[in-house]
Number of protein chains: 2
Amino acid sequence: MACVEKYLTWYKEIIKKNGIKNTVQKEAVLNVLIKASSHLTVEEIYQQIKDVKIGLATVYRSLKLFEDLGIAKEIPMGGARYYELKLFGKKPLHIHFKCMNCNAMTDIDDTETNLDYIRLNQKVEHKMGLEVNDANITLLGLCKECREKLNAQTK
Amino acid sequence: MACVEKYLTWYKEIIKKNGIKNTVQKEAVLNVLIKASSHLTVEEIYQQIKDVKIGLATVYRSLKLFEDLGIAKEIPMGGARYYELKLFGKKPLHIHFKCMNCNAMTDIDDTETNLDYIRLNQKVEHKMGLEVNDANITLLGLCKECREKLNAQTK
DNA sequence: CTACCTGCAAAACGTTTGCAAGACG
DNA sequence: CGTCTTGCAAACGTTTTGCAGGTAG
(Lines give C-alpha, C1' and ligand atoms only; values in the text may rest on other atoms or scores of the structure.)
Protein backbone atom coordinates (compact mmCIF):
# COMPACT_ATOMS: atom_id res chain seq x y z
CA MET A 1 0.00 0.00 0.00
CA ALA A 2 1.49 3.29 -1.11
CA CYS A 3 -1.13 5.08 0.94
CA VAL A 4 0.36 3.91 4.21
CA GLU A 5 3.72 5.45 3.28
CA LYS A 6 2.15 8.69 2.19
CA TYR A 7 0.01 9.12 5.30
CA LEU A 8 2.94 8.26 7.51
CA THR A 9 4.99 11.05 5.93
CA TRP A 10 2.19 13.51 6.48
CA TYR A 11 1.80 12.56 10.10
CA LYS A 12 5.53 12.84 10.68
CA GLU A 13 5.38 16.29 9.15
CA ILE A 14 2.75 17.35 11.69
CA ILE A 15 4.82 15.98 14.54
CA LYS A 16 7.95 17.77 13.35
CA LYS A 17 6.06 21.06 12.90
CA ASN A 18 5.07 20.92 16.56
CA GLY A 19 8.64 20.63 17.71
CA ILE A 20 8.28 17.00 18.72
CA LYS A 21 10.79 14.34 17.80
CA ASN A 22 9.97 11.52 15.45
CA THR A 23 10.97 8.13 16.81
CA VAL A 24 10.65 4.53 15.72
CA GLN A 25 8.15 4.01 18.55
CA LYS A 26 5.81 6.77 17.44
CA GLU A 27 6.10 5.54 13.88
CA ALA A 28 5.20 2.02 14.95
CA VAL A 29 2.05 3.21 16.71
CA LEU A 30 1.06 5.29 13.70
CA ASN A 31 1.65 2.35 11.40
CA VAL A 32 -0.69 0.12 13.36
CA LEU A 33 -3.38 2.80 13.40
CA ILE A 34 -3.07 3.49 9.68
CA LYS A 35 -3.29 -0.17 8.76
CA ALA A 36 -6.09 -0.91 11.24
CA SER A 37 -9.42 -1.53 9.65
CA SER A 38 -11.33 -1.03 12.88
CA HIS A 39 -10.80 0.70 16.20
CA LEU A 40 -8.19 -0.60 18.56
CA THR A 41 -7.59 -0.52 22.28
CA VAL A 42 -4.23 0.44 23.74
CA GLU A 43 -3.50 -3.18 24.51
CA GLU A 44 -4.28 -4.27 20.96
CA ILE A 45 -2.02 -1.63 19.51
CA TYR A 46 0.73 -2.68 21.90
CA GLN A 47 0.35 -6.34 20.94
CA GLN A 48 0.51 -5.62 17.23
CA ILE A 49 3.91 -3.97 17.53
CA LYS A 50 6.46 -6.76 17.48
CA ASP A 51 9.29 -5.48 15.26
CA VAL A 52 10.11 -2.54 17.55
CA LYS A 53 11.10 -2.54 21.19
CA ILE A 54 8.39 -0.55 22.90
CA GLY A 55 6.90 -0.22 26.38
CA LEU A 56 3.23 0.00 27.19
CA ALA A 57 3.78 3.44 28.70
CA THR A 58 5.11 4.72 25.39
CA VAL A 59 1.99 3.55 23.59
CA TYR A 60 -0.09 5.50 26.11
CA ARG A 61 2.13 8.55 25.76
CA SER A 62 2.06 8.42 21.98
CA LEU A 63 -1.70 8.13 21.82
CA LYS A 64 -2.16 11.05 24.21
CA LEU A 65 0.21 13.08 22.09
CA PHE A 66 -1.62 12.18 18.90
CA GLU A 67 -4.87 13.23 20.50
CA ASP A 68 -3.42 16.59 21.46
CA LEU A 69 -2.14 17.11 17.95
CA GLY A 70 -5.55 16.23 16.56
CA ILE A 71 -4.21 13.17 14.77
CA ALA A 72 -6.08 10.56 16.74
CA LYS A 73 -9.38 10.30 18.52
CA GLU A 74 -10.55 8.36 21.52
CA ILE A 75 -13.87 6.57 21.49
CA PRO A 76 -14.93 5.42 24.96
CA MET A 77 -17.28 2.45 25.03
CA GLY A 78 -18.34 0.60 28.15
CA GLY A 79 -15.14 0.72 30.13
CA ALA A 80 -12.79 0.37 27.17
CA ARG A 81 -11.13 3.11 25.16
CA TYR A 82 -10.75 2.67 21.44
CA TYR A 83 -8.53 4.74 19.19
CA GLU A 84 -8.69 5.68 15.56
CA LEU A 85 -7.09 8.22 13.26
CA LYS A 86 -8.92 11.41 12.48
CA LEU A 87 -7.14 12.78 9.41
CA PHE A 88 -6.75 12.06 5.73
CA GLY A 89 -9.34 10.02 3.94
CA LYS A 90 -11.36 9.47 7.07
CA LYS A 91 -14.59 11.38 7.23
CA PRO A 92 -14.51 14.30 9.64
CA LEU A 93 -17.35 12.58 11.45
CA HIS A 94 -18.68 9.10 11.23
CA ILE A 95 -20.89 6.80 13.19
CA HIS A 96 -19.80 3.82 15.19
CA PHE A 97 -21.85 0.76 15.69
CA LYS A 98 -21.40 -1.73 18.47
CA CYS A 99 -23.14 -5.10 18.31
CA MET A 100 -24.31 -6.15 21.74
CA ASN A 101 -24.21 -9.81 20.76
CA CYS A 102 -20.82 -10.30 19.08
CA ASN A 103 -19.26 -7.16 20.62
CA ALA A 104 -17.81 -6.10 17.29
CA MET A 105 -17.24 -2.41 16.84
CA THR A 106 -17.58 -1.16 13.28
CA ASP A 107 -18.02 2.03 11.31
CA ILE A 108 -21.17 2.82 9.46
CA ASP A 109 -19.65 3.59 6.11
CA ASP A 110 -22.34 5.48 4.33
CA THR A 111 -21.52 8.93 3.06
CA GLU A 112 -25.10 10.09 2.90
CA THR A 113 -25.81 9.01 6.47
CA ASN A 114 -22.67 10.68 7.76
CA LEU A 115 -23.66 13.89 6.05
CA ASP A 116 -27.10 13.66 7.62
CA TYR A 117 -25.50 13.59 11.05
CA ILE A 118 -23.13 16.44 10.27
CA ARG A 119 -26.05 18.56 9.11
CA LEU A 120 -27.96 17.72 12.25
CA ASN A 121 -24.99 18.69 14.42
CA GLN A 122 -24.79 22.04 12.66
CA LYS A 123 -28.48 22.57 13.23
CA VAL A 124 -27.97 21.99 16.95
CA GLU A 125 -24.99 24.34 16.95
CA HIS A 126 -27.03 27.24 15.62
CA LYS A 127 -30.16 26.50 17.56
CA MET A 128 -28.43 26.29 20.95
CA GLY A 129 -25.74 28.89 20.41
CA LEU A 130 -22.96 26.39 20.98
CA GLU A 131 -19.80 25.69 19.09
CA VAL A 132 -19.55 22.02 18.11
CA ASN A 133 -16.06 20.84 17.26
CA ASP A 134 -16.46 17.13 17.47
CA ALA A 135 -19.04 14.42 17.98
CA ASN A 136 -19.08 10.92 19.35
CA ILE A 137 -21.94 8.93 17.95
CA THR A 138 -22.24 5.27 18.77
CA LEU A 139 -25.29 3.18 17.99
CA LEU A 140 -25.84 -0.01 19.93
CA GLY A 141 -27.83 -2.98 18.86
CA LEU A 142 -27.59 -6.10 16.72
CA CYS A 143 -25.55 -6.30 13.54
CA LYS A 144 -27.03 -7.89 10.43
CA GLU A 145 -25.43 -11.28 11.03
CA CYS A 146 -26.36 -11.58 14.69
CA ARG A 147 -29.85 -10.36 13.98
CA GLU A 148 -30.46 -13.06 11.40
CA LYS A 149 -28.84 -15.71 13.52
CA LEU A 150 -30.97 -14.87 16.55
CA ASN A 151 -34.12 -14.61 14.47
CA ALA A 152 -33.51 -18.07 13.06
CA GLN A 153 -33.18 -19.54 16.55
CA THR A 154 -36.44 -18.07 17.78
CA LYS A 155 -38.65 -19.08 14.91
CA MET B 1 -42.05 15.94 44.73
CA ALA B 2 -44.67 13.27 44.29
CA CYS B 3 -42.96 12.19 41.09
CA VAL B 4 -39.95 10.88 42.98
CA GLU B 5 -42.19 8.60 45.04
CA LYS B 6 -44.04 7.36 42.00
CA TYR B 7 -40.93 6.59 39.98
CA LEU B 8 -39.35 4.88 42.93
CA THR B 9 -42.35 2.57 43.24
CA TRP B 10 -42.15 1.72 39.56
CA TYR B 11 -38.46 0.95 39.74
CA LYS B 12 -38.95 -1.26 42.77
CA GLU B 13 -41.65 -3.08 40.83
CA ILE B 14 -39.17 -3.84 38.06
CA ILE B 15 -36.62 -5.07 40.56
CA LYS B 16 -39.13 -7.32 42.27
CA LYS B 17 -40.36 -8.72 38.96
CA ASN B 18 -36.83 -9.86 38.18
CA GLY B 19 -36.58 -11.82 41.42
CA ILE B 20 -34.15 -9.37 42.99
CA LYS B 21 -34.51 -8.09 46.50
CA ASN B 22 -35.31 -4.49 47.28
CA THR B 23 -33.02 -3.00 49.91
CA VAL B 24 -32.46 0.39 51.48
CA GLN B 25 -29.15 0.63 49.63
CA LYS B 26 -30.66 0.11 46.18
CA GLU B 27 -33.39 2.55 47.06
CA ALA B 28 -30.85 5.15 48.12
CA VAL B 29 -29.00 4.89 44.81
CA LEU B 30 -32.24 5.14 42.89
CA ASN B 31 -33.27 8.18 44.90
CA VAL B 32 -30.08 10.03 44.06
CA LEU B 33 -30.45 9.19 40.37
CA ILE B 34 -34.10 10.25 40.27
CA LYS B 35 -33.40 13.56 41.95
CA ALA B 36 -30.25 14.26 39.95
CA SER B 37 -30.59 16.98 37.38
CA SER B 38 -27.47 15.97 35.51
CA HIS B 39 -25.30 12.90 35.09
CA LEU B 40 -23.34 11.63 38.02
CA THR B 41 -20.22 9.58 38.51
CA VAL B 42 -20.14 6.65 40.91
CA GLU B 43 -18.20 8.70 43.41
CA GLU B 44 -20.74 11.53 43.29
CA ILE B 45 -23.61 9.14 43.84
CA TYR B 46 -21.75 7.58 46.75
CA GLN B 47 -21.09 10.99 48.34
CA GLN B 48 -24.70 12.06 48.08
CA ILE B 49 -25.90 9.11 50.13
CA LYS B 50 -25.49 10.09 53.75
CA ASP B 51 -28.63 8.85 55.50
CA VAL B 52 -27.95 5.19 54.68
CA LYS B 53 -24.97 3.02 55.54
CA ILE B 54 -23.58 1.96 52.20
CA GLY B 55 -20.25 0.78 50.79
CA LEU B 56 -18.75 1.94 47.54
CA ALA B 57 -18.88 -1.62 46.23
CA THR B 58 -22.63 -1.67 46.69
CA VAL B 59 -23.01 1.47 44.62
CA TYR B 60 -21.05 -0.21 41.84
CA ARG B 61 -23.09 -3.39 42.16
CA SER B 62 -26.38 -1.51 42.14
CA LEU B 63 -25.48 0.50 39.06
CA LYS B 64 -24.42 -2.59 37.19
CA LEU B 65 -27.66 -4.25 38.16
CA PHE B 66 -29.70 -1.25 37.04
CA GLU B 67 -27.90 -1.30 33.72
CA ASP B 68 -28.72 -4.96 33.21
CA LEU B 69 -32.35 -4.31 34.03
CA GLY B 70 -32.40 -1.44 31.57
CA ILE B 71 -33.12 1.09 34.30
CA ALA B 72 -29.89 3.03 34.06
CA LYS B 73 -27.42 3.89 31.38
CA GLU B 74 -23.71 4.52 31.40
CA ILE B 75 -22.19 7.39 29.46
CA PRO B 76 -18.43 7.08 29.15
CA MET B 77 -16.58 10.33 28.56
CA GLY B 78 -12.82 10.66 28.53
CA GLY B 79 -11.92 8.35 31.36
CA ALA B 80 -14.96 9.01 33.54
CA ARG B 81 -18.22 7.10 33.59
CA TYR B 82 -21.45 8.97 34.14
CA TYR B 83 -24.79 7.43 34.98
CA GLU B 84 -28.35 8.47 34.34
CA LEU B 85 -31.79 6.88 34.39
CA LYS B 86 -33.32 5.66 31.18
CA LEU B 87 -36.99 5.24 32.01
CA PHE B 88 -40.03 7.33 32.78
CA GLY B 89 -40.14 10.93 31.73
CA LYS B 90 -36.69 10.87 30.27
CA LYS B 91 -36.57 10.85 26.51
CA PRO B 92 -35.72 7.44 25.07
CA LEU B 93 -32.77 9.16 23.45
CA HIS B 94 -31.16 12.48 24.06
CA ILE B 95 -27.96 14.24 23.24
CA HIS B 96 -25.16 15.04 25.62
CA PHE B 97 -22.95 18.02 25.28
CA LYS B 98 -19.53 18.36 26.85
CA CYS B 99 -17.81 21.74 26.95
CA MET B 100 -14.10 21.35 26.36
CA ASN B 101 -13.39 24.56 28.26
CA CYS B 102 -15.37 24.30 31.49
CA ASN B 103 -15.78 20.49 31.31
CA ALA B 104 -19.48 20.72 32.12
CA MET B 105 -21.61 17.89 30.85
CA THR B 106 -25.19 18.81 29.99
CA ASP B 107 -28.17 17.52 28.09
CA ILE B 108 -29.43 19.18 24.98
CA ASP B 109 -33.04 19.53 25.98
CA ASP B 110 -34.81 20.17 22.76
CA THR B 111 -37.59 17.83 21.77
CA GLU B 112 -37.42 18.59 18.10
CA THR B 113 -33.68 17.99 17.96
CA ASN B 114 -34.00 14.72 19.85
CA LEU B 115 -36.65 13.57 17.44
CA ASP B 116 -34.39 14.47 14.51
CA TYR B 117 -31.75 12.15 15.89
CA ILE B 118 -34.20 9.35 16.55
CA ARG B 119 -35.47 9.59 12.99
CA LEU B 120 -31.95 9.51 11.69
CA ASN B 121 -31.15 6.44 13.78
CA GLN B 122 -34.18 4.68 12.34
CA LYS B 123 -33.08 5.59 8.85
CA VAL B 124 -29.71 3.99 9.51
CA GLU B 125 -31.39 0.93 10.95
CA HIS B 126 -33.36 0.28 7.80
CA LYS B 127 -30.64 1.23 5.39
CA MET B 128 -27.98 -1.00 6.91
CA GLY B 129 -30.19 -3.90 8.02
CA LEU B 130 -29.25 -3.50 11.65
CA GLU B 131 -31.28 -3.42 14.78
CA VAL B 132 -30.61 -0.27 16.80
CA ASN B 133 -31.63 -0.47 20.46
CA ASP B 134 -29.73 2.41 21.92
CA ALA B 135 -27.52 5.33 20.98
CA ASN B 136 -24.79 7.32 22.63
CA ILE B 137 -24.49 10.77 21.16
CA THR B 138 -22.12 13.25 22.68
CA LEU B 139 -21.22 16.54 21.06
CA LEU B 140 -18.00 18.23 22.09
CA GLY B 141 -17.19 21.89 21.81
CA LEU B 142 -17.77 25.17 23.57
CA CYS B 143 -20.90 26.02 25.52
CA LYS B 144 -22.58 29.37 25.06
CA GLU B 145 -20.94 30.97 28.09
CA CYS B 146 -17.40 29.81 27.35
CA ARG B 147 -17.77 30.72 23.73
CA GLU B 148 -18.71 34.30 24.53
CA LYS B 149 -16.05 34.56 27.20
CA LEU B 150 -13.33 33.36 24.87
CA ASN B 151 -14.55 35.56 22.04
CA ALA B 152 -14.40 38.61 24.28
CA GLN B 153 -10.79 37.85 25.19
CA THR B 154 -9.63 37.57 21.61
CA LYS B 155 -11.20 40.68 20.23
C1' DC C 1 -35.40 -20.48 56.67
C1' DT C 2 -33.10 -19.80 52.50
C1' DA C 3 -31.28 -17.19 48.98
C1' DC C 4 -29.77 -13.08 48.11
C1' DC C 5 -27.40 -8.92 49.54
C1' DT C 6 -24.08 -6.17 52.05
C1' DG C 7 -19.61 -4.10 54.00
C1' DC C 8 -15.02 -4.62 54.30
C1' DA C 9 -10.57 -5.36 52.70
C1' DA C 10 -7.83 -7.29 49.30
C1' DA C 11 -7.08 -7.97 44.58
C1' DA C 12 -7.24 -6.79 39.87
C1' DC C 13 -7.20 -3.66 36.32
C1' DG C 14 -5.98 0.25 33.33
C1' DT C 15 -3.41 4.36 33.30
C1' DT C 16 0.10 7.67 34.82
C1' DT C 17 4.52 9.13 36.60
C1' DG C 18 9.57 9.57 38.32
C1' DC C 19 13.80 8.50 37.01
C1' DA C 20 18.08 7.29 34.81
C1' DA C 21 19.60 5.91 30.34
C1' DG C 22 19.22 6.63 25.46
C1' DA C 23 18.12 8.75 20.91
C1' DC C 24 16.85 12.55 17.82
C1' DG C 25 18.01 16.69 15.43
C1' DC D 1 25.44 18.66 22.54
C1' DG D 2 21.00 19.79 24.67
C1' DT D 3 16.50 18.46 24.73
C1' DC D 4 13.08 15.43 24.24
C1' DT D 5 11.89 10.50 24.58
C1' DT D 6 12.10 5.98 26.23
C1' DG D 7 11.70 1.61 29.26
C1' DC D 8 11.14 0.09 33.59
C1' DA D 9 8.97 -0.20 37.83
C1' DA D 10 6.42 1.94 41.18
C1' DA D 11 2.39 4.61 42.13
C1' DC D 12 -2.13 5.69 41.32
C1' DG D 13 -7.29 5.72 40.96
C1' DT D 14 -11.03 3.06 39.71
C1' DT D 15 -13.61 -1.16 39.56
C1' DT D 16 -14.19 -5.99 40.91
C1' DT D 17 -14.14 -9.91 43.98
C1' DG D 18 -14.04 -13.30 48.13
C1' DC D 19 -15.84 -13.86 52.21
C1' DA D 20 -18.32 -13.83 56.58
C1' DG D 21 -22.19 -11.81 58.45
C1' DG D 22 -26.80 -9.72 57.76
C1' DT D 23 -31.47 -9.05 55.74
C1' DA D 24 -35.57 -9.48 52.67
C1' DG D 25 -39.27 -12.23 51.43
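Naming: A, B, ... by sequence-line order, numbering from 1 per chain.
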Novice: Between D/dT5 atom P and A/Phe66 atom CZ, what is the distance in whole Å?
Specialist: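 Distance check: A/Phe66 CZ to D/dT5 P gives 11 Å.
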
Novice: What is the bend of the helix from C/dC1-D/dG25 to C/dG25-D/dC1 when you compare the axis at one end with the axis at the other, using five pairs each and rounding to 10°?
Specialist: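 Here the local axes at opposite ends form an angle of 40°.
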
Novice: Examine C/dG7: is either OP1 or OP2 under 4.0 Å from a nitrogen or oxygen in the side chain of B/Gln25? Give yes or no.
Specialist: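 Yes, because at least one side-chain N or O of B/Gln25 sits under 4.0 Å from OP1 or OP2 of C/dG7.
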
Novice: Establish, with yes or no, whether the OP1 or OP2 oxygen of D/dC4 is under 4.0 angstrom from a side-chain nitrogen or oxygen of A/Thr23.
Specialist: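 Checking D/dC4 against A/Thr23, no side-chain N or O comes under 4.0 Å of OP1 or OP2.
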
Novice: Rounded to the Å, how far apart are B/Lys17 NZ and D/dG25 P?
Specialist: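 Rounded to whole Å, this separation is 15 Å.
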
Novice: Tell me whether the rings of B/Tyr7 and B/Trp10 are parallel (<30°), tilted (30 to 60°) or perpendicular (>60°).
Specialist: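 Judged by the thresholds at 30° and 60°, the geometry between B/Tyr7 and B/Trp10 is tilted.
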
Novice: Over how many whole Å does the gap from A/Lys16 atom NZ to C/dG25 atom C1' extend?
Specialist: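 It is 10 Å, rounded to the nearest whole Å.
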
Novice: Please state how far atom CD1 in B/Ile15 lies from atom P in C/dC4, giving the value in whole angstrom units.
Specialist: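 So the CD1-P distance, B/Ile15 to C/dC4, works out to 16 Å.
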
Novice: Classify every nucleotide of nucleotides 11-17 of chain D by which part a protein heavy atom approaches to under 4.0 Å, writing B for the base, S for the sugar-phosphate alone and - for neither, in 5'-to-3' order.
Specialist: ---SBBB

Novice: Can you identify which nucleotide, out of C/dT6, C/dC24, C/dA3, has its nearest atom closest to the B/Lys21 side chain?
Specialist: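 From the listed options, C/dA3 comes nearest.
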
Novice: Please determine if a side-chain N or O atom of B/Lys26 lies less than 4.0 Å away from the OP1 or OP2 oxygen of C/dC5.
Specialist: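 It does, given that an N or O in the side chain of B/Lys26 lies less than 4.0 Å from OP1 or OP2 of C/dC5.
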
Novice: Using atom CD of B/Glu27 as one end and atom C1' of D/dT23 as the other, report the distance to the nearest whole Å.
Specialist: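 Computing the B/Glu27:CD to D/dT23:C1' distance gives 15 Å.
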
Novice: Please state whether the phosphate of D/dG25, meaning OP1 or OP2, lies under 4.0 angstrom from any side-chain nitrogen or oxygen of B/Lys12.
Specialist: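 No, because none of the side-chain N or O atoms of B/Lys12 sits under 4.0 Å from OP1 or OP2 of D/dG25.
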
Novice: Tell me whether the OP1 or OP2 atom of C/dC5 has a side-chain N or O from B/Thr58 closer than 4.0 Å.
Specialist: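 Looking at the OP1 and OP2 atoms of C/dC5, neither is under 4.0 Å from any side-chain N or O of B/Thr58.
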
Novice: In this structure, how many angstroms lie between the P atom of C/dT15 and the CG atom of A/Leu63, rounded?
Specialist: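 In whole Å, C/dT15 P lies 10 Å from A/Leu63 CG.
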
Novice: Rounded to the nearest angstrom, tell me the gap between atom CD1 in B/Ile54 and atom C1' in C/dC5.
Specialist: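 Spelled out: CD1 on B/Ile54 to C1' on C/dC5 is 11 Å.
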
Novice: Determine, for A/Arg147 against B/Glu125, whether the closest basic-nitrogen to carboxylate-oxygen distance falls under 4.0 angstrom.
Specialist: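 Salt bridge: no.
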
Novice: When you measure from the side chain of A/Arg81 to the backbone N and O of A/Val42, does any donor-acceptor pair fall under 3.5 Å?
Specialist: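 No.
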
Novice: Grouping I, L, V, M, F, W and Y whenever their side-chain heavy atoms are under 4.5 Å apart, do A/Ile137 and B/Met100 come out in a common cluster?
Specialist: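 No.
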
